[in-house]
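Shown next, in structure tokens, is the structure this report addresses.
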Amino acid sequence: MSRLRRLFQSSMDATKKALSGSFDDLMPPPEKYIFNFNSKQEIKKWHLYSDSEFGGLSSASLQIPESENGASTGIFSGNLSLEVTQGAKWNISRGGFCGMRSKKFDGFIDLDSYDTIAMKLKGDGRSYISTIYTENWVNSPGQMEDNSWQSFIYVPKDNWYIAKIPLARYLPTWRGNVIDEEIEMNPSRVLGMSLSVNAEGGVPGAKSGPGDFRLELDWIKAIRTQ
């Protein structure tokens with residue numbers, strides 16, 4: 001969907017709301033929570049994946065540990081391994097990745113009124129990948145695969161940190177590779193999100209390599225900064 005088409009659609013929607021008397025809906029709130037990690041029910045909205053599906057030896061978990069003060073946060077943790085199982089069905093030369101992906105929303109989430117994704121995190125000094133999945137209209141319109149848009153997040157070690165990623169910083173990707181085209185995301189048709197970690201690559205200066213990883217999560221929301 002082109003920017004012109006989105007602007008036209010937004011204008012039409014605003015006009016309909018104004019005519020119906022829903023003036024409060026014309027100005028969305030400055031922030032919109034997408035995910036919280038404060039209960040086991042919220043954790044069920046996510047599923048895990050890793051290179052173990054293809055013969056790798058990495059592993060991951062997502063859980064909410066018991067807390068003495070009653071506060072709850074999610075912990076995405078595990079181990080990254082570059083080793084692969086001998087004789088695996090899939091022909092991969094090395095492993096080293098884990099991720100957590102949200103289950104598809106019931107419909108779409110409309111983030112067209114926002115320009116930034118904010119996350120409250122506590123990390124381990126590694127670089128993580130934030131992915132937004134949108135309705136398929138870029139990569140392969142005749143297939144069922146979602147479009148994916150990715151950006152790196154460096155999460156400092158041991159302290160709570162609010163990462164803010166402008167939507168404009170998310171790059172279109174196809175199976176992990178950046179698409180070298182000027183393509184715009186359609187934020188009004190968001191299907192889901194994911195967070196992942198690789199043993200290699202990421203932000204320069206961030207911790208990398210095989211071994212344990214740990215990312216604590218409080219919330220993810222969309223915000224309007226302008």
Side-chain angles (χ1 to χ4, degrees), residues 34-67 71-105 117-133 145-146 148-163 165 170 173 175-177 190-203 206-221:
I34 304 173
F35 294 106
N36 282 291
F37 297 88
N38 54 10
S39 71
K40 293 184 178 180
Q41 193 64 31
E42 293 295 313
I43 292 296
K44 291 180 181 178
K45 295 179 179 179
W46 298 81
H47 65 83
L48 298 169
Y49 62 90
S50 71
D51 58 40
S52 63
E53 301 173 27
F54 308 98
L57 298 177
S58 299
S59 60
S61 67
L62 177 62
Q63 56 188 335
I64 295 183
E66 298 295 331
S67 174
S72 299
T73 54
I75 296 180
F76 171 50
S77 62
N79 182 269
L80 297 169
S81 172
L82 298 177
E83 303 297 321
V84 297
T85 303
Q86 296 296 321
K89 176 182 177 181
W90 300 93
N91 184 24
I92 61 173
S93 59
R94 67 174 59 184
F97 68 88
C98 293
M100 49 180 279
R101 176 169 177 171
S102 68
K103 298 176 182 178
K104 281 195 175 183
F105 301 134
I117 296 296
M119 306 181 188
K120 187 176 180 182
L121 310 164
K122 184 191 290 186
D124 52 8
R126 286 185 180 271
S127 176
Y128 290 79
I129 301 172
S130 171
T131 305
I132 297 175
Y133 299 97
E145 195 163 344
D146 305 329
S148 60
W149 310 78
Q150 296 185 329
S151 180
F152 282 107
I153 313 172
Y154 168 67
V155 186
K157 186 177 181 180
D158 296 334
N159 292 310
W160 282 107
Y161 171 71
I162 296 179
I165 316 164
Y170 283 86
T173 62
R175 297 182 179 178
N177 297 310
V190 174
L191 295 166
M193 295 183 174
S194 73
L195 286 167
S196 58
V197 59
N198 291 325
E200 299 180 334
V203 175
K207 177 182 176 181
S208 61
D212 293 339
F213 68 89
R214 188 179 190 276
L215 182 67
E216 195 166 352
L217 309 107
D218 195 346
W219 46 254
I220 299 175
K221 59 186 177 183

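No hydrogens, no waters, no symmetry mates; every other heavy atom, side chains included, goes into these values.
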- Take I75 and F37, measure what side chain to side chain contact (heavy atoms under 4.5 Å, CB included) needs, and give me the verdict at the end. CA-CA 9 Å; I75 296 180; F37 297 88; over 6 Å; no
- Residues L80, C98; criterion side chain to side chain contact (heavy atoms under 4.5 Å, CB included); working and verdict: CA-CA 7 Å; L80 297 169; C98 293; 4.0 Å; yes
- Message: Between K207 and R126, is the side chain to side chain contact (heavy atoms under 4.5 Å, CB included) condition met? List the steps.
- Response: CA-CA 5 Å; K207 177 182 176 181; R126 286 185 180 271; 4.1 Å; yes
- Worked verdict on F54 versus F97 for side chain to side chain contact (heavy atoms under 4.5 Å, CB included): CA-CA 11 Å; F54 308 98; F97 68 88; 4.0 Å; yes
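To the nearest 0.5 Å, atom NZ of residue K120 and atom CD of residue E216 are 10.0 Å apart. Atom CG in L217 sits 7.5 Å away from atom CD1 in I43 (nearest 0.5 Å). Separating the CG atom in N79 from the OG atom in S61 is a distance of 11.0 Å, to the nearest 0.5 Å. Taken from OG in S77 to CG in D212, the straight-line distance is 8.5 Å, to the nearest 0.5 Å. To the nearest 0.5 Å, atom CG of residue D51 and atom OG of residue S59 are 9.0 Å apart. Separating the OH atom in Y170 from the OG atom in S151 is a distance of 5.5 Å, to the nearest 0.5 Å.
In this model, a donor atom of one side chain and an acceptor atom of the other lie less than 3.5 Å apart for Q150 and T131.
Taking the centre of each ring, F105 and F35 come in below the 6.0 Å mark. The aromatic ring centres of F76 and W46 sit 6.0 Å or more apart.
In this structure, M100 and L215 have side chains that are not in contact, with every pair of non-hydrogen atoms separated by 4.5 Å or more. Between W160 and K122, the closest side-chain pair of non-hydrogen atoms falls below 4.5 Å. Contact annotation: the side chain of P210 never approaches that of S81 to less than 4.5 Å [non-hydrogen atoms, C-beta and beyond]. Contact annotation: the side chain of M119 never approaches that of V155 to less than 4.5 Å [non-hydrogen atoms, C-beta and beyond]. Contact check for S52 versus L57: no side-chain heavy atoms found under the 4.5 Å cut-off. Here the side chains of K104 and D146 are in contact, with some heavy-atom distance below 4.5 Å. Side-chain contact check for S194 versus Y133: some heavy-atom pair is nearer than 4.5 Å. Counting heavy atoms from C-beta on, the side chains of I34 and V190 never come closer than 4.5 Å.
Taking all atoms of both residues into account, the shortest heavy-atom contact from K40 to I64 is N-CD1, 3.8 Å. Across F152 and S127, no two heavy atoms sit closer than the pair CD2-OG, 3.4 Å. The two atoms that bring A163 and L121 nearest to each other are CB-CD1, 4.4 Å, heavy atoms only. In plain terms, the two heavy atoms of H47 and K103 that are nearest each other are CD2-CG, 4.3 Å. The heavy-atom pair separating P65 from T73 by the smallest distance is CD-O, 3.7 Å.
The backbone N or O of S39 lies less than 3.5 Å from no partner atom in the side chain of S72, so there is not a single donor-acceptor pair.
Around atom CD of Q63, more than 12 heavy atoms belonging to other residues, nucleotides or ligands sit under 6.0 Å away.
Relative orientation of the Y128 and F213 rings is perpendicular, given thresholds of 30° and 60° on the angle between their planes.
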